[in-house]
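Residue numbers start from 1 in every chain, and the chains themselves are labelled A, B, ... in the order their sequence lines are given, proteins ahead of strands.
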Amino acid sequence: MDAFYASVELLRYPQLKGLPVVIGGGRRKVDEAIRDLPEGSTLADIPVDAFPRLKDYVGRGVITTATYPARQFGIGSAMGLMKAAKLCPQALILPVDFDEYRKYSRQFKQIILDIAPVMQDRGVDEVYIDFTDVPGGQREGGRVLARLIQKTIFDATGLTCSIGVAPNKLIAKMASEFDKPNGISIVHEGDLQTRIWPLPVRKVNGIGPKADEKLQRFGLRTVGDIAAKERDWLIANFGKATGAWMHEVSWGRDDRPVETESEPVSMSRETTFERNLHAVRDRAELGAIFTHLCEKVAEDLQRKGYVGKTIGIKLRYDDFKIATRDQTIARFTADGKAIRQTAGQCLKRVPLERPLRLIGVRVGALVRVDSPEATSPATSPTRARTAPDAAAATASLF
DNA sequence: TCTGGGGTCCTGTTGCGA
DNA sequence: TCTGTCGCAACAGGACCC
């Protein structure tokens with residue numbers, strides 16, 4: 001298989017070109033900051049001076065994405081806004097406009113589908129493409145097709161797009177980062193030693209901060225360092241699955257196909273509060289938020305045509321520790337009240353002494369509402385396992 | 001100084017029935 | 001009847017990604 005990995009650059013406000021800009025923050029907060037901007041103006045025609053600066057932003061939130069000039073200051077995705085403000089106080093801050101992103105995302109994917117129909121959706125701005133069977137796909141090692149895709153997307157949307165071409169998804173994704181933004185990188189099997197092995201291990205999709213840290217402890221800094229280790233050594237130190245996976249990855253091997261369709265496994269809604277809330281003191285407020293989240297998940301399920309039967313909750317305490325509880329019920333549901341009821345049961349099994357900063361509701365084990373399972377008679381009640389922390393329940397607080 | 005929201009997948013533990 | 005063990009499903013947590 002030959003794979004493309006394409007990602008579009010969604011920051012596209014021309015007047016902001018070359019400036020340090022971050023997108024992020026609580027939507028509400030940033031909206032407040034730009035409330036006084038000219039009526040009816042879209043972000044694209046707002047003058048640079050009108051945008052708020054990071055130094056003027058106060059409150060919780062993280063960076064969703066940042067322009068390359070902003071990255072020069074050390075700013076990156078998922079960084080707290082307060083920290084980013086220290087690094088580059090003059091950076092402009094824009095609200096996250098997911099509706100807008102989704103619109104462009106659909107366009108970008110449709111264009112690719114029209115050209116190369118074997119496409120895997122990887123989120124709002126990224127896709128994998130198997131172009132093995134695309135007529136002319138092999139010309140100049142894929143470069144001709146990549147250029148066509150870039151040009152078509154740019155003409156239709158004004159978005160630039162970085163593309164990696166390689167024998168598999170793993171390498172294609174890494175290749176796409178070689179020449180950002182708006183680049184095309186082609187990596188052949190024989191380029192493994194020269195182009196992949198020198199990369200830091202963190203560049204591998206699937207090696208995050210934790211795995212990186214552990215690898216560093218063993219003195220493994222680059223992909224090549226991993227490749228130099230025996231497979232058995234990796235398995236002994238990282239576990240059977242992870243160790244074997246690391247070995248394969250470091251040798252550039254990846255046989256995952258490009259998956260053109262997938263069904264969702266779960267849907268959830270969660271929210272971080274403006275200030276920490278306490279289960280007792282802020283009971284009414286929390287209860288209202290909790291119910292609202294259940295209704296939102298129910299709406300999402302109904303709108304998308306799914307029902308689920310594993311209901312779960314998630315709490316994040318003030319110390320950032322997370323607790324989750326879930327429970328599988330006998331019948332599939334997409335009903336807000338049913339979700340609320342089971343989620344409430346889950347809540348009784350979790351400690352509620354500490355202040356909370358986030359609460360979330362999740363529905364998993366999804367099937368399509370029109371599938372046979374969805375309407376089949378209730379399965380025998382799941383074994384009620386005694387909750388080990390049932391004693392921690394602080395009465396029925398919600 | 002802090003750290004969003006929506007997901008997926010994996011791992012270890014535990015309880016249950018065969 | 002008692003006990004061990006094995007596999008499965010459910011659950012909790014955590015890593016990771018966009």
Side-chain angles (χ1 to χ4, degrees), chain A residues 5 7-10 22-30 54 57-65 76-87 89 95-96 98 101-102 105 121-128 173 202-214 238-245 256 259 262-274 276 293 296-297 300 304 309-329 346 349-351 357-366 379-389:
Chain A
Y5 182 88
S7 68
V8 281
E9 283 91 27
L10 279 168
V22 305
I23 288 190
R27 163 98 226 184
R28 218 172 323 148
K29 288 258 180 192
V30 184
L54 257 186
Y57 182 90
V58 181
R60 287 180 167 161
V62 294
I63 309 266
T64 300
T65 186
S77 299
M79 179 179 287
L81 283 167
M82 291 294 131
K83 183 174 175 185
K86 294 224 153 145
L87 293 169
V96 191
F98 278 108
Y101 292 170
R102 273 192 286 270
S105 177
D121 203 325
R122 277 282 295 167
V124 75
D125 61 350
E126 310 192 17
V127 297
Y128 287 113
K173 163 116 172 113
R202 193 67 177 75
K203 291 286 174 192
V204 175
N205 191 240
I207 296 183
K210 298 290 174 180
D212 183 30
E213 198 192 312
K214 187 166 174 185
F238 290 89
K240 199 171 167 188
T242 309
W245 172 78
R256 294 169 304 161
E259 311 265 9
S262 67
E263 288 289 326
V265 174
S266 67
M267 288 185 201
S268 63
R269 286 282 182 143
E270 62 186 56
T271 187
T272 297
F273 316 129
E274 303 261 316
N276 294 344
L293 290 172
K296 282 305 203 187
V297 180
D300 293 342
K304 295 176 183 168
K309 64 172 182 171
T310 301
I311 318 287
I313 58 155
K314 168 175 162 183
L315 303 181
R316 179 180 268 143
Y317 298 99
D318 62 340
D319 61 359
F320 244 70
K321 291 230 162 40
I322 292 170
T324 63
R325 293 293 181 274
D326 42 56
Q327 189 178 330
T328 300
I329 55 178
C346 292
R349 294 193 277 133
V350 76
R357 61 175 293 138
L358 168 149
I359 191 162
V361 175
R362 196 176 73 94
V363 176
L366 302 185
T379 53
S380 56
T382 54
R383 291 183 295 261
R385 291 180 43 202
T386 49
D389 50 2

Heavy atoms from C-beta onward define the side chain here; which of [options] lies closest to that of [X]?
X	options	result
A:Ala323	C:dC17, C:dG13, C:dC16	C:dG13
A:Lys173	B:dT1, C:dC18, C:dA12	C:dC18
A:Thr310	B:dT11, C:dC11, B:dG4	C:dC11
A:Lys86	B:dT1, C:dA15, B:dT11	B:dT1
A:Gln327	C:dC17, C:dC18, C:dC11	C:dC11

Distance, rounded to the nearest Å, where A:Ile207 contributes CD1 and B:dC9 contributes P:
19 Å
From CG of A:Asp326 over to P of B:dC9, roughly how many Å is that when rounded to an integer?
16 Å
Using 0.5 Å steps for rounding, measure from the CD1 atom of A:Ile322 to the OH atom of A:Tyr317.
10.5 Å
To the nearest 0.5 Å, what is the distance between CG (A:Leu293) and CD1 (A:Ile313)?
11.5 Å
4.5 Å side-chain heavy-atom contact, [X] and [Y]:
X	Y	result
A:Tyr128	A:Glu259	no
A:Met79	A:Val22	no
A:Ile63	A:Ile23	no

What does A:Lys83 touch in the nucleic acid at a heavy-atom separation under 4.0 angstrom: a base, only the sugar-phosphate, or nothing?
base
Classify A:Val127 by what it touches in the nucleic acid, base, sugar-phosphate, or nothing, heavy-atom distance under 4.0 Å.
nothing
Pick the P atom in B:dT1 and in C:dC18, then give their distance to the nearest Å.
30 Å
Working for side chain to side chain donor-acceptor pair (under 3.5 Å), residues A:Ser77 and A:Thr65
CA-CA 5 Å; A:Ser77 299; A:Thr65 186; 4.7 Å; no
Secondary structure string for DNA chain C (Watson-Crick or G-U under 3.5 angstrom, | for other-strand pairs):
....||||||||||||||
By nearest-nucleotide position on DNA chain B, the 5'-leaning member of A:Ala78 and A:Thr242 is A:Ala78
Every protein N/O within reach of nucleotides 5-8 of chain B N/O, cut-off under 3.5 Å:
residue	atom	partner	partner atom	Å
B:dG5	OP1	A:Thr272	N	3.0
B:dG5	OP2	A:Thr272	N	3.1
B:dG5	OP2	A:Thr272	OG1	2.4
B:dG6	OP2	A:Glu270	N	2.6
B:dG6	OP2	A:Glu270	O	3.1
B:dG7	OP2	A:Ser268	N	2.6
B:dG7	OP2	A:Ser268	O	3.3
B:dG7	OP2	A:Ser268	OG	3.2
B:dT8	OP1	A:Val265	N	2.7
B:dT8	OP2	A:Ser266	N	3.1
B:dT8	OP2	A:Ser266	OG	2.8

Could you go step by step and tell me if A:Arg357 and A:Asn276 meet the side chain to side chain contact (heavy atoms under 4.5 Å, CB included) rule?
CA-CA 5 Å; A:Arg357 61 175 293 138; A:Asn276 294 344; 3.1 Å; yes
Using atom types as modelled and distance alone, determine if a side-chain donor or acceptor of A:Arg202 lies under 3.5 Å from a backbone N or O of A:Ala211.
no
Report, as yes or no, whether the 6.0 Å neighbourhood of atom NZ on A:Lys214 holds more than 12 heavy atoms from other residues, nucleotides or ligands.
yes
